[in-house]
Amino acid sequence: VQLQASGGGLVQAGGSLRLSCSASGSIFGINSMAWYRQAPGKQRELVAKRTSARTTNYGDSVKGRFKISINNDKNTVYLQMNSLKPEDTAVYYCNAGVRSAESPIYPRYYWGQGTQVTVSS
């Protein structure tokens, strides 16, 4: 299973970006998809997560500004980021809990390669 993320870039404060991350491989089902981020010198933190049970969680700092969504047909998770702030600058990583040929019953968790988001003031 591989995760391929895209959509990062440089944007001014107050602007918007949309990240995408697609899962590929011998996928039987996806239990959850999420976005994390890591800024220089800081720990990786949860940005948003959505499960197959349709529960959604957001980090406190992004509530009301970011929205996670999933296209189940395409095994793709999106992160719409609005009203971006300089403190949103980080490498954003997608994460997915996937049942596959390697682990058909219990999900394994995979990470994408990361995409840089830079918000200028």
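Just so we're clear, the structure is a prediction, and the values are computed from it rather than from any experiment. All residue numbers refer to positions in the sequence shown, counting from 1.
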task: Find out if a path of hydrophobic residues (ILVMFWY) with successive side-chain heavy-atom gaps under 4.5 Å connects Leu46 to Val91.
output: yes
- request: Apply the test ring-ring contact (aromatic ring centres under 6.0 Å, His included) to residues Tyr36 and Trp111: give CA-CA distance (whole Å), side-chain angles for both, the deciding distance (0.1 Å), then the verdict.
  value: CA-CA 10 Å; Tyr36 289 76; Trp111 291 95; 5.1 Å; yes
query: Can you tell me how far the OG atom of Ser121 sits from the NZ atom of Lys85, to the nearest 0.5 Å?
result: 14.0 Å
query: Would Ile70 end up clustered with Leu3 when hydrophobic side chains under 4.5 Å apart are linked, directly or stepwise?
result: yes
field: same_hphob_cluster(Tyr92, Tyr110) at 4.5 Å side-chain heavy-atom cutoff
entry: yes
field: Atom pair CE (Met81) and CZ (Arg65), whose distance is rounded to the nearest 0.5 Å
entry: 9.5 Å
- request: Indicate whether any N or O donor in one side chain lies under 3.5 Å from an N or O acceptor in the other, for Arg50 and Thr56.
  value: yes
Spacing of Asn72 atom CG and Ser52 atom OG [to the nearest 0.5 Å]: 9.0 Å
- prompt: Should Glu102 and Arg108 be marked as a side chain to side chain contact (heavy atoms under 4.5 Å, CB included) after you check the CA-CA gap, both sets of side-chain angles, and the distance that decides it?
  reply: CA-CA 9 Å; Glu102 293 179 341; Arg108 287 187 181 180; 3.5 Å; yes
query: Hey, mind stepping through Ile105 and Arg99 against side chain to side chain contact (heavy atoms under 4.5 Å, CB included) and telling me if it holds?
result: CA-CA 6 Å; Ile105 298 176; Arg99 288 175 286 109; 5.9 Å; no
- request: Might you point out which heavy atoms bring Gln116 and Thr89 nearest each other, and give the distance in Å?
  value: NE2-CG2, 4.0 Å
message: Please give me the minimum heavy-atom distance between Arg37 and Ala90, naming the atom from each residue.
response: CB-CB, 3.9 Å
message: Test of understanding: clusters of I, L, V, M, F, W, Y form through side-chain heavy atoms closer than 4.5 Å, transitively. Do Val117 and Met33 belong to the same one?
response: yes
field: Point-to-point distance, once rounded to the nearest 0.5 Å, from CD of Gln113 to SG of Cys94
entry: 7.0 Å
query: Which hydrophobic side chains are connected to Phe28, either touching it within the sub-4.5 Å cutoff or through other members that do?
result: none
Minimum heavy-atom distance Ser32-Tyr109, with the two atoms named: OG-CE2, 3.8 Å
message: I'd like to check Ile30 versus Asn75 (side-chain heavy atoms, cut-off strictly below 4.5 Å). Are they in contact?
response: yes
Show me, pair by pair, the donor-acceptor contacts under 3.5 angstrom made by side chains of residues 16-24, not counting sequence neighbours?
unit_1: Ser16; atom_1: OG; unit_2: Asn82; atom_2: OD1; d: 2.9
unit_1: Ser22; atom_1: OG; unit_2: Thr76; atom_2: OG1; d: 2.8

Spatial distance of atom CG (Asn57) from atom CD1 (Ile68) [nearest 0.5 Å]: 9.5 Å
- request: With Arg44 as the cation and Tyr93 as the aromatic partner, state whether NZ or CZ is under 6.0 Å from the six-membered ring centre and within 45° of the axis.
  value: yes
query: Are side-chain heavy atoms of Val11 and Thr118 found at a separation under 4.5 Å?
result: no
- prompt: So, does Tyr58 use its side chain to make a donor-acceptor pair with the main chain of Gly64 at under 3.5 Å?
  reply: no
task: Using the rule that two of Ile, Leu, Val, Met, Phe, Trp, Tyr join whenever any of their side-chain heavy atoms come within less than 4.5 Å, decide whether Phe66 and Val119 are in one cluster.
output: yes
message: Tell me the closest heavy-atom pair linking Ser100 and Ser26, and the distance in Å.
response: CB-O, 3.0 Å
field: Main-chain N/O of Pro107 paired to Ser103 side chain as donor or acceptor, under 3.5 Å
entry: no
message: Is it the case that the side chains of Gln4 and Ser6 hold a donor-acceptor pair, with the cut-off being a distance below 3.5 Å and no angle test?
response: no
